[in-house]
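Start at 1 with the first residue, then count along the sequence.
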Amino acid sequence: MSAVVQARGWGWRHAGRRGWALRGLDLTIDEGERVLLLGPSGAGKSTLFQGLAGLLRAPEAGDPEGSLHVHGHLVSGPDPRTGIVFQDPASSLVMSRIGDEVAFGLENRAVPPGRIWADVRAALSAVELHQPLSHRVEHLSGGEQQRLAVADVLAVAPRLWLLDEPTSNLDPPGAALVRHTLRQLLADRSTTVIVVEHRVDDLVELVDRVVVLEPGGGVRHDGPPAEVFCRHGASMRASGVWVPGCTALRRVPSSAPGPPVVAAAALGVRYPAAAADALCDVDLEVDAAQVTAVVGANGSGKTTLALCLASLLAPTSGAVRFLAGGPDVPYARWAPRDLVRHVGTVFQEPEHQFVAASVRAELAVGAARTKMAPEETQRRVDELLERLRLSHLAAANPFTLSGGEKRRLSVATALVTRPQLLVLDEPTFGQDARTWDELVDLLAEARDDGRAIVTVTHDEELVHALADRVVRVDAGRLVSDQDAGRLVSDQVVREEPVGDAR
């Protein structure tokens, strides 16, 4: 059996960094293997994928060492036999219509024109994107874009699949659909699959090998899943790696909810050229000292609702009112300097909110806008850097961070000014077990300090651990509003079959 991937002492240091993302990597992956690649956030998993896909260019993007071969050749650029689904699907989507997007890869591989559209329809059907081929990519939700990215790769049928958290932004049905697609893919032993996924329970049965990376180093563990998790599960969990069987400890609120902070009344939104409303007749009040989880299928209107509650999107009908102070003008017309004092927002794509050249400077932006004292700014920035394991990256450019690190930075920028309202879109995306715990603890502290928190999420563990109230949106309408305390016992404990590392 021939080797599809062969690394010998390979390493990569990103431009402008002192530390190595990976170093001394020795790894061979044979044709037909199914490999689950694990490691703490920032361990270099995405860097390795970029290297395997031929997307790391020296010396512009950084410094390499050792050798990395794919399909028997030293990697020097992208190879049509390798397909990658990125952690952020928007970074790989290049066309404006979904049919053209899937056709793009086929055209670049000189597929006969008469076959292209049949292949496009088959790939979109496999991931259950049933919109017209002319449907605009920007009108897809983040989860739908994730499925489109999978369809892109599915259509061109590469020999090596690189899947970087393929289910991270998907609702449970969407995640199950992608796993079903993976099962079909994995049945074909002529393909080789390497998948990165923090939540491993649903993937363990699909792979035959687990490789665990050491941050800044090479391979820490390598072997069959049962052997790796049995022998090393406790130490892996202690270092932040998700292991099978972990459930979250519920953070019980310290007090009853306070008065409403923001309220939507008969809220409606329709995007230009859209065939239907993104939101329709939504009534919702968000209380202080409470975490409201907004859940629902991809494309149901959750992010649109969050943007309206954060005053980043003006409603087409109805109104949103901020009830806890602020300027005497309609909420939808608040100036940025007023918003930053009262509202903290985490976007679905964290890069969209970065404006500074370093992590430390990024955290200080909001503090400066609120005229926070320099000593207090430094204290809060240092605390968040330490708690979210970003201290060693304080001087790094935010755009060079890993996906999980970018997400933690975006949450920190929302927390640093201690606003009355926090609106967070998928705040736990890309986190290892340790940073997930710390993020949830920070949000629980903010709630117990009286902040109103709205979190849009597909993370069922986050809902279980933190939500006080669960609001479900379907086809733009609020269809249920439940007290999470009645859904989850306050006495649930973390189940750690491999040992509790907290």
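In this structure, I453 CD1 and L422 CG are separated by 5.0 Å, a value rounded to the nearest 0.5 Å. Atom CZ of residue R389 and atom CD of residue Q431 lie 11.5 Å apart, to the nearest 0.5 angstrom. A distance of 11.5 Å separates CZ of F354 from CD of E349, quoted to the nearest 0.5 Å. Note that the CD atom of Q146 and the CG atom of L129 stand 11.0 Å from one another [nearest 0.5 Å]. In this structure, CG in L312 is found 12.0 Å from OG1 in T304, a value given to the nearest 0.5 Å. How far CG of D474 is from OG of S300: 7.0 Å, rounded to the nearest 0.5 Å.
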Test side-chain contact (heavy atoms from CB on, under 4.5 Å) applied to L160 and T191, step by step = CA-CA 6 Å; L160 172 62; T191 62; over 6 Å; no
Give the C-alpha distance, both sets of side-chain angles, the deciding distance and a yes or no for salt bridge (charged side-chain N to carboxylate O under 4.0 Å, His left out) between E351 and K406.
-> CA-CA 7 Å; E351 295 93 337; K406 289 176 183 176; 3.0 Å; yes
Can you check side-chain contact (heavy atoms from CB on, under 4.5 Å) on W20 and H14, steps first, answer last?
-> CA-CA 7 Å; W20 291 77; H14 292 286; over 6 Å; no
May I have the step-by-step check of salt bridge (charged side-chain N to carboxylate O under 4.0 Å, His left out) for R387 and D441, ending in yes or no?
-> CA-CA 10 Å; R387 291 191 64 176; D441 286 342; 5.2 Å; no
Full working for side-chain contact (heavy atoms from CB on, under 4.5 Å) between V359 and L401 = CA-CA 9 Å; V359 168; L401 305 183; 3.9 Å; yes
Given side-chain contact (heavy atoms from CB on, under 4.5 Å), test H71 with T82 step by step and report yes or no.
-> CA-CA 9 Å; H71 307 298; T82 299; 3.0 Å; yes
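Residue E65 forms a salt bridge (charged side-chain N to carboxylate O under 4.0 Å, His left out) with just one option from R8, R13, R23, and that option is R23. When the options L37, L203, L163 are evaluated for a side-chain contact (heavy atoms from CB on, under 4.5 Å) with E197, the one that passes is L203. Put simply, the residue from L38, I194, L27 that forms a side-chain contact (heavy atoms from CB on, under 4.5 Å) with V211 is L27.
A donor-acceptor contact closer than 3.5 angstrom is absent between the side chains of H73 and D79. Checking T428 against D459 by side-chain atom types alone, a donor-acceptor pair falls below 3.5 Å. In the model, R17 has a side-chain atom that pairs as donor or acceptor with a side-chain atom of T400 under 3.5 Å. With no hydrogens or angles considered, no side-chain donor-acceptor pair links S125 and H130 at under 3.5 Å. In this model, no donor atom of one side chain and acceptor atom of the other lie less than 3.5 Å apart for W10 and D26. A donor-acceptor pair shorter than 3.5 Å cannot be found between the side chains of Q50 and T47. With 3.5 Å as the limit, one finds a donor-acceptor pair spanning the side chains of S239 and R220. A donor-acceptor contact closer than 3.5 angstrom links the side chains of R408 and S41.
A heavy-atom distance below 4.5 Å is not found between the side chains of V294 and T457. With contacts defined as side-chain heavy-atom distances shorter than 4.5 Å, the pair L415/R380 does not qualify. Annotation: side chain of F86 is not in contact with side chain of L162 (no heavy-atom distance under 4.5 Å). For the pair V207 and V35, the minimum side-chain heavy-atom distance is 4.5 Å or more. H232 is not listed as a side-chain neighbour of V212, based on a closest heavy-atom distance of 4.5 Å or more. Counting heavy atoms from C-beta outward, L424 and L443 have side chains that approach closer than 4.5 Å. Between L363 and L409 the shortest side-chain heavy-atom distance falls below 4.5 Å. Side-chain contact check for D30 versus S2: every heavy-atom pair is 4.5 Å or farther apart.
With hydrogens and angles ignored, the 3.5 Å screen pairs no side-chain donor or acceptor of D201 with any backbone N or O of P244. In this structure, the side chain of R147 engages the main chain of V127 through a donor-acceptor pair within 3.5 Å. Using modelled atom types, one side-chain atom of E101 and one backbone atom of V94 make a donor-acceptor pair closer than 3.5 Å. Of the possible donor and acceptor atoms, one in the side chain of S141 sits under 3.5 Å from a partner among the backbone N and O of G299.
A salt bridge does not link R434 with D437: every distance from a Lys NZ or Arg NE/NH1/NH2 to an Asp or Glu carboxylate oxygen is 4.0 Å or more. Here D164 does not pair with K45 in a salt bridge; the nearest charged N to carboxylate O distance is not below 4.0 Å. The pair D425-K302 does not meet the salt-bridge criterion, since no charged nitrogen lies less than 4.0 angstrom from a carboxylate oxygen.
Scanning both residues, A394 and L385, for their nearest heavy atoms gives CB-CD1, 4.1 Å. Residues L466 and V291 share a closest heavy-atom pair of O-CB, 3.7 Å. The minimum heavy-atom distance linking H458 with N298 is given by the pair NE2-ND2, 3.0 Å. The shortest heavy-atom contact between A467 and A293 is CB-CB, 3.8 Å. L388 approaches A412 most closely through the heavy-atom pair CD1-CB, 3.8 Å. Closest heavy-atom contact between V102 and A123: CG1-CB, 4.2 Å.
Residue Q378 places its CD atom among 12 or fewer non-hydrogen atoms of other residues, nucleotides or ligands, all under 6.0 Å distant.
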